[in-house]
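Every heavy atom of this structure was used, including side-chain atoms; hydrogens, water molecules and symmetry mates were not. Model, not experiment: these values are computed from the prediction.
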Amino acid sequence: MGCANPATAAPQPQPPDLTGMGVERGGPSMTHRYRRLVLDMHIPDWVPGLLARFDPERIADLLVAGRINYATIYAQGHTGHCYWPTAVGVAHAAAREADLFGSLVAALRRRDIFACAYYSLVFNNLIADHPDWRIRSQPQASLADDYGNHRYGQACPNNPAYRARAAAEIAELLSRYEFDGMFFDMAFWRPICLCPACLKRYRDETGCDTPTVVDWHDAGWCRYQEARERWNAQYQAEVTALVKRLRPGLPVTHNAGGILHGWPLAVGLDTITASDFLSGDFYGDLSDQRTVGKLFSACTPGRPAEIMTTRCLPGPQEHVQTKAEDALARHAAAVVACGAAASIIDGINPDGTLEPAVYEMFGRVYAPIAALEEHLGGEPLADVGLYFSDDSKISFAEDGRPAAELRGGERVYPHLRAVRGACEKLQQGQVPFAVVTRRHLAELGRYRVLVLPDVLRMRAEEVAAVRAYVAAGGRVYASRLTSLNATDGRPSEDFALADLFGCHYGGEQTDAISYLRPSPSPAAGELAAALAPQRCLAVRRQTDGRSGMVTLGGPMAGQPLATRTASMYAEPGSVVDRRYISLHSSPPWRDTDEPMLIHHRFGQGEVIYSAANLEALDAPAASRLWLALLRRLAGAPWRVEVQAHPCVWTGAFHQPERRRVLLLFANYPPMTPALPVPSVSFTLQPMAGPWLRLVELPSGVEVAAQRDAAGAISGTLAHVDGLRAVAAVYGDGEGHGGQNSLD
Ligand SMILES: [Zn+2]
């Protein structure tokens, strides 16, 4: 595809600069509200009795019983109805009689519950009455073709009439009501939109026709995806700017859940500019939760970020089947241990009532967080930076496929799989880490080790920042396709970071299975110990590109730490071809001298490059080996060392104004009810001043502490069940706090 003669790119409108518009990035009214609720209310009005029993005072009382101090309530929803008596939109029938939204806002504020208004962008079933507004998978697709088989209508944010309607409703809402925050849901495209407005905008901006076949090695396709992400970021920024014009100090957030999904949603990191803090809904497993917890905590402009999940299993499509109380409590505690606020999504009954017993349960779920809330906050402490690339939410295996077929399930993307695998290994290995992105390039020096997990595409400024980081003494682990491709689709023959890696790209390894074997080097003993009782590690090639390895070619400047052992045959084998030597498996057979792990010094720093995406492999030996590589790169203990069962999620936050580090331990096993973990031990290296004492929170009871000659302080908590917190308090080294209870 592509466009032979793209028009000289016109200057693209940039997101508005919000500074000076009174933006309060997480103002004091919300920073210590970690117990949240989304009162899900996508209720239409075409059946009598819908929302007829909506009682704002009763609802607000139930939220108090649920210990909720921040509620996102619906001004409008996916059905397109407004829940206030609007003059510019379609008011829900019940809202023409009684102002559902306005009365609930007032009831919440009287109880000191933060009232955040929900508004659904893009997802709007008014397209049934305004079919011109709709997102189209094909130019000729009818309303029924695209929307005849499901309930979610989508209006295109490039359609001027839809934009105008949404803006009018938002402006009217802001002109009529005082509330505390604004949450915009669902600003993303899925799939690509071929409506007249999108086709015209792309033609006007680039001089090109809209491509419809995915090709990540084609400049035209890459340019189109860039446009989609830019349009979405601009739309979110414009909506935010509208709110800020009318209510300068109002905190605004757009659902950022799409950041962790694949490219089809067109939600890139640039959308963050439109939000004062990050918020998003997630329904996945523990792996999803730890990844999003770290990503949101790292990327949120204002703290805390907010992570939502449903009361029911498996997600919002279920109204009744409720998660176990212990599972909800563990989830909320784990979110808080990531530094974020927990939010439970509860669907209102169609008649407008809530389930009182459910709110009693929420009250128990949130009780431990309520007790700790005043102690939370601070700057996350991390020694490892895990790189997340929004340009790499793609798969080269998609090349040649019609874009309309691809829906963006994130699990098919190699980089996301590697990020997820790395998060799991780092959390279970109790390594203090944070997610970093291209928004953090100036801060790479904060991290002792930077992990580049199968980063499929990199921008020139990212490559330059990583090179400068290593030259200045940084340590990098990088895997597989990292830096092989730029974001503009231009063909590339070698890693852009080959000079750091100490090796060159040779091609894709086509064997179905390969084995990583430590080779003679100063690291051989450590790597062998990490693999034991295995002598080598299996790396399988997946035909969809999610997992596998590359071959290396050309002169090798680095030292091999491991080489490849091949199986007898490259292909799987069959009854007919007899190309197998053991019927079930393909065991290692032939040692080669082809390097798989390379160690290389560059400038003041060093790099370990892995030809395989080890961090994505799901095997205990892969975890041990990978963590051993990071330890070797770090060369010193982590600032916060924790010995605990892998089900414990640890958070460490520096609170300089309180001269302490807050440690949070959430016991979050994959199966609940959880059993207590017998003990959690921790050691903190010296930081801003000498450690004075360890205090458990919120009780204030002192924890027995040991200090070593180097100034590190250690302690142990026994019987860790639920959420536990310890503050490690330091002095300023000038005698203050000298009544040292450790002496
Ligand atoms: Zn469109």
Side-chain angles (χ1 to χ4, degrees), residues 214-217 262 287 392 394-401 405-406 409-422 424-425 453-454 456 479-482 484-485 503 505-519 527 530-553 560-598 609-626:
V214 178
D215 185 351
W216 298 109
H217 293 95
S287 169
S392 299
I394 65 147
S395 171
F396 295 115
E398 293 170 327
D399 285 359
R401 293 188 59 189
E405 287 179 2
L406 300 170
E410 69 270 30
R411 291 182 187 281
V412 302
Y413 294 107
H415 174 61
L416 293 180
R417 191 162 183 268
V419 168
R420 193 181 296 277
E424 183 167 316
K425 291 171 176 60
D454 212 356
L456 265 55
S479 69
R480 202 181 173 206
L481 297 176
T482 295
L484 181 61
N485 292 274
C503 58
Y505 179 70
E508 272 292 309
Q509 174 56 256
T510 53
D511 282 13
I513 189 166
S514 297
Y515 293 90
L516 179 150
R517 184 186 79 255
S519 47
L527 302 191
L531 287 174
Q534 299 175 208
R535 282 190 293 121
C536 55
L537 184 71
V539 177
R540 292 174 192 278
R541 175 175 180 269
Q542 288 176 300
T543 52
D544 63 7
R546 273 181 295 165
S547 182
M549 61 173 284
V550 301
T551 63
L552 303 177
L561 302 182
T563 47
R564 186 175 86 98
T565 294
S567 186
M568 172 72 93
Y569 300 108
E571 60 277 9
S574 73
V575 172
V576 177
D577 67 21
R578 295 187 175 177
R579 291 176 71 79
Y580 58 90
I581 55 170
S582 176
L583 195 121
H584 296 309
S585 62
S586 302
W589 181 255
R590 178 173 54 87
D591 290 343
T592 78
D593 58 3
E594 301 162 24
M596 284 186 73
L597 276 180
I598 306 288
Y609 169 79
S610 171
N613 49 353
L614 300 179
E615 63 281 6
L617 302 185
D618 187 14
S623 292
R624 295 192 302 266
L625 179 75
W626 190 70

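Within the 4.5 Å cutoff, the side chain of Tyr569 has no heavy atoms near those of the Arg578 side chain. Taking the side chain as every heavy atom from C-beta outward, Ser567 and Asp511 never approach each other to under 4.5 Å. Between Val550 and Leu484, every side-chain heavy-atom pair lies at or beyond the 4.5 Å cut-off. The closest side-chain heavy-atom distance from Leu481 to Glu508 is below 4.5 Å.
Between the CZ atom of Arg624 and the CG atom of Leu531 there is a distance of 7.5 Å, given to the nearest 0.5 Å. Taken to the nearest 0.5 Å, the OG atom of Ser392 stands 6.5 Å off from the CD1 atom of Ile394. Atom CG of residue Asp544 and atom OH of residue Tyr413 lie 11.0 Å apart, to the nearest 0.5 angstrom. Tyr505 OH to Arg480 CZ: the interatomic distance, rounded to the nearest 0.5 Å, is 9.5 Å. Distance check: Arg417 CZ to Glu615 CD gives 10.0 Å after rounding to the nearest 0.5 Å. To the nearest 0.5 Å, atoms CE (Met596) and CD1 (Ile598) are separated by 10.5 Å.
In this structure, Glu398 and Val214 approach most closely via the heavy-atom pair O-CB, 3.8 Å. Here the closest non-hydrogen pair linking Ser610 and Ala612 is OG-O, 2.6 Å. In this structure, Pro414 and Ser395 approach most closely via the heavy-atom pair CD-CB, 3.9 Å.
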Between side-chain atoms of residues 533-543 and protein atoms elsewhere (two or more places apart, or another chain), which donor-acceptor pairs fall under 3.5 Å?
from: Gln534; atom 1: NE2; to: Cys536; atom 2: O; distance (Å): 3.0
from: Arg541; atom 1: NE; to: Gln509; atom 2: O; distance (Å): 3.3
from: Gln542; atom 1: OE1; to: Ser547; atom 2: N; distance (Å): 3.4

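Asp591 meets the salt bridge (charged side-chain N to carboxylate O under 4.0 Å, His left out) test with Arg517; sequence neighbours excluded. Judged as a ring-ring contact (aromatic ring centres under 6.0 Å, His included), and not counting sequence neighbours, the contacts of Tyr609 are Phe495, Phe501.
Remark: side-chain polar atoms of Ser479 are not paired, donor with acceptor, to backbone N or O of Asn613 under 3.5 angstrom. Put simply, the side chain of Asp454 never gets that close to the backbone of His415: no donor and acceptor are under 3.5 Å apart. Counting only distance, with no hydrogens or angles, the side chain of Thr551 and the backbone of Gly507 share a donor-acceptor pair below 3.5 Å. A donor-acceptor pair under 3.5 Å is absent between the side-chain atoms of Thr592 and the main chain of Thr565, judged by distance alone. Of the possible polar contacts, one joining the Asp399 side chain to the Trp216 backbone as a donor-acceptor pair under 3.5 Å is found. A distance-only check finds no donor-acceptor pair linking the side chain of Ser514 to the backbone of Ala566 [under 3.5 Å].
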